[in-house]
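Below you'll find the structure, written out as structure tokens, and then a few comments.
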Amino acid sequence: MTRAESTYLMTAKARAHYAAELFSIATVAAVIDELASQGHRQYRIVQELPFDLSETVPAHKLETWLEREEFRYVWRPTVEPGDPQRPNRSNEYPELEIQW
């Protein structure tokens, strides 16, 4: 295995682990219940790391659960924080917004 291959695999493993934590159905369900009890009508899963996780297995499982529970959701573009005077659209990644 080349160094590039092993580096890619480490990156993929780290992103998969982060996605599993971020898109945990139990955690998302608890947050939705908490926000709804406070009168909110949406929840945006804000990522600390600027990765496109929309195609990960945990994201697809969460989407399936959201559809089964009849929530609406959309992947909204988010720009990585940087220089506010010179935003860079090339550092854009999607974050999941759930509505009810």
Side-chain angles (χ1 to χ4, degrees):
M1 179 180 299
T2 66
R3 184 171 178 97
E5 289 172 322
S6 63
T7 303
Y8 176 83
L9 291 175
M10 286 188 293
T11 301
K13 183 178 177 182
R15 289 181 184 205
H17 179 71
Y18 183 54
E21 289 179 6
L22 198 62
F23 302 126
S24 163
I25 293 172
T27 302
V28 170
V31 171
I32 288 172
D33 289 347
E34 177 65 26
L35 291 173
S37 71
Q38 296 173 6
H40 297 279
R41 304 261 340 243
Q42 69 181 22
Y43 168 47
R44 186 171 185 148
I45 300 177
V46 178
Q47 298 176 203
E48 293 179 21
L49 303 172
F51 303 140
D52 180 357
L53 302 174
S54 62
E55 296 300 321
T56 61
V57 172
H60 288 300
K61 287 182 180 181
L62 180 58
E63 287 175 335
T64 301
W65 179 81
L66 291 168
E67 290 168 4
R68 188 175 63 241
E69 297 297 320
E70 299 182 2
F71 286 100
R72 294 183 313 273
Y73 66 91
V74 63
W75 289 94
R76 297 248 186 239
T78 303
V79 178
E80 184 177 354
D83 184 356
Q85 300 298 321
R86 300 164 76 190
N88 185 354
R89 293 279 179 224
S90 66
N91 295 340
E92 208 171 78
Y93 60 96
E95 286 185 338
L96 185 63
E97 182 179 292
I98 304 164
Q99 305 154 355
W100 55 91

Closest non-hydrogen atom pair, [X] against [Y]:
X     : Y     : answer
Tyr73 : Glu67 : OH-OE2, 2.6 Å
Pro58 : Ala19 : CB-O, 3.6 Å
Ala29 : Trp65 : CB-CH2, 3.8 Å
Ser54 : Ala59 : O-CB, 3.8 Å
Leu53 : Arg15 : CD2-O, 4.0 Å

For [X], does the [atom1] atom sit with more than 12 other heavy atoms under 6.0 Å from it, leaving out its own atoms?
X     : atom1 : answer
His17 : NE2   : no
Arg41 : CZ    : no
Glu70 : CD    : no
Gln38 : CD    : yes

Distance (rounded to the nearest 0.5 Å) between Lys61 NZ and Thr56 OG1: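 Reported to 0.5 Å precision, the distance equals 10.0 Å.
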Residue pair Glu97, Arg72: steps toward the side chain to side chain contact (heavy atoms under 4.5 Å, CB included) verdict: CA-CA 8 Å; Glu97 182 179 292; Arg72 294 183 313 273; over 6 Å; no
Taking [Y] as the starting point, is it possible to reach [X] by hopping between hydrophobic residues whose side chains are less than 4.5 Å apart?
X     : Y     : answer
Val79 : Val74 : no
Leu22 : Ile25 : yes
Tyr18 : Tyr93 : no

Val28 and Leu96: CA distance, side-chain angles, deciding distance, side chain to side chain contact (heavy atoms under 4.5 Å, CB included) verdict: CA-CA 11 Å; Val28 170; Leu96 185 63; over 6 Å; no
Side chain Gln47, main chain Glu95, donor-acceptor under 3.5 Å: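 Absent.
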Ser24 side chain vs Glu21 backbone, donor-acceptor pair below 3.5 Å: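 Here the side-chain-to-backbone pair does not exist.
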Stepwise side chain to side chain contact (heavy atoms under 4.5 Å, CB included) test for Glu69 and Ile32: CA-CA 12 Å; Glu69 297 297 320; Ile32 288 172; over 6 Å; no
Heavy-atom check, side chain of Thr11 versus side chain of Phe51, under 4.5 Å: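 The answer is no; the side chains never approach within 4.5 Å.
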Flag for Glu63-Trp75: side-chain donor and acceptor within less than 3.5 Å: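 Result is yes, a qualifying pair exists.
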Pair Gln99-Gln42, side chain to side chain contact (heavy atoms under 4.5 Å, CB included): steps then yes or no: CA-CA 4 Å; Gln99 305 154 355; Gln42 69 181 22; 4.1 Å; yes
